[in-house]
Amino acid sequence: MAIGKNVPRVDAVAKVTGRARYTDDYHMPGMLHAGYVRSTIAHGRVTRIDTAQAAALPGVEAVYTFEDVPQTLFATAGHPYSLDPAHMDVADRLLLTGHVRYHGDEVAVVVARDRLTLQAAIAKVAVEYEPYPVMVEGAAALAEGAFEIHAGSRNRIGESRYQTGQDVDAALAAAPIRIESHYRSRIVQHCHIENHIALAYMDDLDQITIISSTQIPHIARRIVGEALGLPWGQIRVIKPYIGGGFGAKQDVVLEPMVAWLTRRLDGRPVQIDLSREECMIGTRIRHPFDIALRAGADEEGRLLAMDLDVISNSGAYASHGHSVAAAGGAKMRSLYPNAQVRYHAQTVYANIPAAGAMRAYGSPQVLFAVECAVEEAARRCGMDPLAFRLKNVVRPGDKDGLTGKPFLSCGLVECLEKGRALIGWDEKRAALAGGQDGPIRRGLGVACFSYASGTFPVCLEIAGARIILNQDGSVHVQVGATEIGQGSDTVVAQMAAETLGIPYEKVHVVSTQDTDVAPFDTGAYASRQAYVVSNAVKRAAEELKEKILAQAQYMTGIDSAALDLQGGAVVYVEAPERRVMLLGDLALASYYDKEHGGGQLTADVSLKTRTNAPTFGCTFVEVEVDIPLCRITIREICNVHDSGRILHPIMAAGQVQGGAAMGIGAALYEELLVDAESGWIYNNNLLDYKFPTPVDIPEIGWAFVETTEPTSGYGNKSLGEPPIISPPAAIRNALWDATGVKIDTLPLTPHRLFRHFKKAGLI
Amino acid sequence: MRQTIAITLNGSPRRFDVDVRQSLMEVLREQAGTLSVKQGCGVGECGACTVLIDDAPVDSCIYLAVWADGRAVRTTEGECRDGQLSPVQQAFVEEGAVQCGICTPGFVMAATALTERRPGEPLDRDAIRRGLAGNLCRCTGYATIVTAVEKCICREEE
């Protein structure tokens with residue numbers, strides 16, 4: 001049995017020895033290097049572009065401008081293709097553009113024989129612009145008569161609303177306790193350590209092969225086909241190991257360009273390898289949200305209603321479009337299902353880098369607002385914020401306010417109780433009850449979240465698994481699900497071993513996805529993979545096991561119903577200690593028996609998942625605030641999660657610690673700074689954009705409340721994204737607890753604290 | 001302008017003909033084939049390209065190849081000998097210190113330098129964190145990496 005065990009991670013040795021191959025390790029002889037000429041203004045039109053000097057530089061192979069590229073608009077979002085035209089992604093991209101929409105937009109591309117020449121040539125392309133009005137904030141782009149960033153769009157990408165319950169307005173009007181506030185999150189960037197990189201070449205006149213650091217190889221294949229007007233089958237995308245993505249690589253960024261370039265350049269290999277500075281502006285960012293929230297509660301501490309009005313700023317291009325704001329709103333609904341909710345969101349264009357998917361996809365922004373408002377409701381009731389939450393959060397048997405579906409597995413109350421004990425909530429609260437007045441003050445905070453385990457029913461959920469019995473009794477597993485660091489390959493191996501009844505060490509997962517051979521799966525996003533792949537792997541393993549036992553029956557004459565596969569051997573169901581034959585012997589006969597036998601025993605399953613399990617959890621934190629220094633220090637923090645059954649405790653803890661660390665970064669340090677007037681970006685590098693180093697992250701506690709999710713192959717639910725969601729609100733609530741100052745905008749930098757402390761008369 | 005440099009790479013004497021503008025990282029990746037040396041920023045911010053030069057950790061992306069002339073360079077490739085992981089590598093595997101893996105070789109080298117620097121000297125978790133402060137990881141939140149290094153130091157003390 002492999003599920004739930006800390007088996008060795010399948011790729012750990014490859015990675016600690018430096019032998020794991022990433023896209024940049026597929027260096028080809030004669031490979032050309034391409035790079036973008038990026039706009040130096042945030043909004044405008046190119047009036048003149050002079051490439052002659054660059055093209056004349058020895059070692060430069062080609063220079064193409066926006067005038068040279070196909071004029072087919074395409075969409076880049078890493079969503080499954082939609083058969084419903086109304087649900088298709090917004091096609092607003094060209095390979096290069098003469099209408100630049102953010103500081104760093106791509107007006108030309110240079111191809112050179114080496115990187116040094118490339119950089120010199122890019123600097124020699126002269127570009128002149130006619131500036132257009134710059135709109136950095138969503139509200140400015142929505143203003144009446146605002147300049148259209150995309151013609152005909154009115155700067156609107158999408159809008160949606162839903163409502164649960166009877167009458168949110170009436171409930172709010174009648175509520176004895178009413179909260180009204182405005183919550184803002186600023187721009188966060190993924191900062192995966194491997195920058196975006198892709199390489200393309202051709203082996204003949206038609207087929208284009210792309211090696212790319214992508215979370216979504218099968219989607220990338222389709223989008224390259226759409227962008228270049230080529231049959232999708234002519235495109236082959238290979239995804240080797242990737243150095244992090246966090247959603248920025250759930251988008252097609254470089255692949256269409258390298259594919260187009262190799263076609264223009266006689267199939268020669270062409271690589272684009274973004275610099276850190278480019279990657280931080282020229283790929284994707286997290287959408288900044290502005291949320292106006294009204295909430296109502298009664299004096300007994302019941303949360304009655306919430307009304308959210310959201311503006312999601314998607315920046316220069318639609319990318320994931322309105323999906324992020326819609327998903328954030330939908331997934332929040334599971335948290336307080338007994339309160340009425342109205343959710344209205346608009347997604348808009350603005351002159352900032354394009355926003356796309358980022359870990360937890362809209363939920364961190366929405367739940368920051370919700371958990372700040374809930375905190376206020378609790379405090380206004382005079383209740384312990386934890387007690388207030390325990391009174392209001394989802395319990396098993398509660399029903400989704402919109403669909404009426406009951407929540408099957410739900411351990412949030414237990415999570416809150418576990419966190420309460422872990423951090424010593426009651427004792428610490430009692431110790432702080434006397435009040436504080438010194439320069440250093442402590443505070444406690446809590447925040448909850450709800451999330452989902454995929455995108456169904458909004459999007460297709462599909463997973464593929466192929467399991468092949470090798471001659472030696474080991475198996476190879478191919479899945480379309482992509483390993484991006486989260487440990488996907490390892491849990492797939494555990495699942496296959498568990499269901500087949502063979503040792504974990506006998507399972508080899510093919511880590512590389514090659515769209516020419518890998519089963520179809522839409523890739524790593526939405527914390528979907530372990531959930532949707534579980535049923536595909538389980539079914540494939542069951543089918544293969546059936547074939548193996550049929551082969552055993554053929555070889556021994558024993559009815560296969562009396563046989564089982566355990567520990568890598570065929571045994572009797574009734575007497576598992578009695579071995580009928582080793583799987584290796586069976587496999588050898590199946591392959592090589594000249595007259596009989598099943599040949600290469602294989603199971604190949606493509607499965608659509610039509611369920612989606614909500615997941616839950618919470619963050620508890622104790623902070624120390626240095627008021628004169630305007631600095632927050634986390635003394636203790638822990639995340640507690642209900643992610644169903646835990647497949648691999650060490651890796652699960654790793655997801656929680658890593659996700660919570662990213663949440664701490666977003667809470668305290670991280671903001672991509674955009675000049676409000678010019679749209680100029682100040683800090684697109686890792687020196688000035690402060691993502692946490694080893695000394696900035698405290699020890700992060702974690703715990704799980706294990707439930708069994710019946711819709712999942714192994715009882716598991718999502719875990720990759722959720723840990724990032726609740727730390728920021730918990731920290732903000734703890735800051736309030738410590739100082740009496742509530743701040744409704746992230747991040748809680750010393751600069752922001754200074755302004756609020758000053759206003760509150762603390763300094 | 002080109003220049004020939006002689007270095008001891010993972011214990012073997014090697015000569016490379018380099019463009020004087022090239023970083024050591026570029027020469028290690030493109031000529032020596034030591035692909036464990038990763039680029040994350042190119043300007044010494046992230047530590048993914050950390051190698052040991054005369055046993056001291058250095059960001060090879062901002063270290064010119066010509067400066068390495070006559071010196072001993074260690075990369076992650078050289079840490080695993082005869083199919084045996086080094087103590088640091090082994091601890092990274094056991095403690096779950098590896099996720100996407102792109103920062104791992106740099107961390108392995110920084111951690112190797114840290115554990116070798118003052119053998120027998122105990123380091124607490126804060127000191128380990130300070131010792132690794134030049135390396136960035138976006139996946140793990142660092143705790144498992146710190147634990148892995150702690151484990152190596154404890155093993156050495158045994």
Side-chain angles (χ1 to χ4, degrees), chain A residues 6 8-9 11-22 24-25 27 114-116 190-195 241-246 273 275-277 483-487 648 650-651 653-662 664-665 685-687 691-697 699-700 723, chain B residues 19 21-22 26 29-30 34-48 75-77 79-80 85-86 88-108 125-126 128-146:
Chain A
N6 284 323
R9 189 186 163 109
D11 51 8
V13 170
K15 288 173 176 176
V16 298
T17 54
R19 295 182 190 181
R21 282 180 180 263
Y22 299 78
D24 196 29
D25 303 330
H27 197 92
D114 63 84
R115 287 189 172 110
L116 289 170
H190 311 67
C191 297
H192 35 77
I193 300 293
E194 180 198 33
N195 291 307
Y241 283 113
I242 94 169
F246 310 111
D273 173 16
S275 69
R276 175 61 56 187
E277 290 74 13
E483 169 66 59
I484 65 168
Q486 79 284 53
H648 189 295
I650 285 182
M651 292 201 315
Q655 287 305 299
V656 176
Q657 290 175 320
M662 237 180 185
I664 292 169
N685 60 73
L686 298 179
L687 194 63
F691 104 63
T693 73
V695 293
D696 301 314
I697 293 294
E699 300 294 337
I700 297 168
Chain B
D19 184 318
R21 298 172 298 174
Q22 277 184 302
E26 288 169 311
R29 286 188 58 82
E30 291 164 20
T34 43
L35 294 173
S36 74
V37 183
K38 303 300 184 196
Q39 174 170 344
C41 68
V43 289
E45 292 159 355
C46 77
T75 70
T76 309
E77 280 86 353
E79 296 305 299
C80 172
L85 298 179
S86 74
V88 169
Q89 289 172 320
Q90 185 64 35
F92 270 60
V93 171
E94 289 168 7
E95 294 304 319
V98 177
Q99 288 191 28
C100 86
I102 198 89
C103 74
T104 306
F107 265 103
V108 165
R125 290 180 70 86
D126 283 342
I128 295 169
R129 286 177 182 275
R130 283 195 299 276
L132 299 175
N135 292 67
L136 293 175
C137 168
R138 193 59 155 167
C139 294
T140 62
Y142 305 107
T144 50
I145 295 174
V146 175

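Labels below follow one simple rule: chain letters A, B, ... track the order of the sequence lines, proteins then strands, and each chain is numbered from 1.
In terms of modelled atom types and a separation under 3.5 Å, the side chain of B/Q89 and the main chain of A/V13 share no donor-acceptor contact. Listed for the A/N195 side chain is a donor-acceptor partner under 3.5 Å among the backbone atoms of B/G40. Side chain of A/Y241 to backbone of B/I102: no donor-acceptor contact under 3.5 angstrom is found.
The two residues A/R19 and B/C80 make their nearest non-hydrogen contact at NH2-SG, 4.1 Å. The shortest heavy-atom contact between B/G141 and A/A661 is CA-CB, 3.5 Å. Closest non-hydrogen pair, B/C46 versus A/I193, comes out as SG-CG2, 4.5 Å. Scanning all heavy atoms of the two residues, the minimum distance from A/G18 to B/S36 falls at CA-CB, 3.6 Å.
Considering only heavy-atom pairs separated by less than 4.5 Å from chain A, the leading option among B/S86, B/A48, B/C137, B/G134 is B/C137.
A salt bridge between A/E699 and B/R125 is present, with a side-chain N of the basic residue lying under 4.0 Å from a carboxylate O of the acidic one. A salt bridge links A/D25 with B/R29: at least one charged nitrogen is closer than 4.0 Å to a carboxylate oxygen. Between B/R138 and A/E194 there is no salt bridge, since no side-chain N of the basic residue sits under 4.0 Å from a carboxylate O of the acidic one.
Of the two parts of A/Q655, the backbone and the side chain both hold a non-hydrogen atom closer than 4.5 Å to a non-hydrogen atom of chain B.
Applying the salt bridge (charged side-chain N to carboxylate O under 4.0 Å, His left out) rule to A/D11 yields the partners A/R9, A/K15; only residues at least two apart in sequence or on another chain are considered. For the side-chain contact (heavy atoms from CB on, under 4.5 Å) test, residues two or more places apart in sequence or in another chain that qualify with A/V695 are A/T693, B/R129, B/R130, B/A133.
For the pair A/L116 and B/R21, the minimum side-chain heavy-atom distance is below 4.5 Å.
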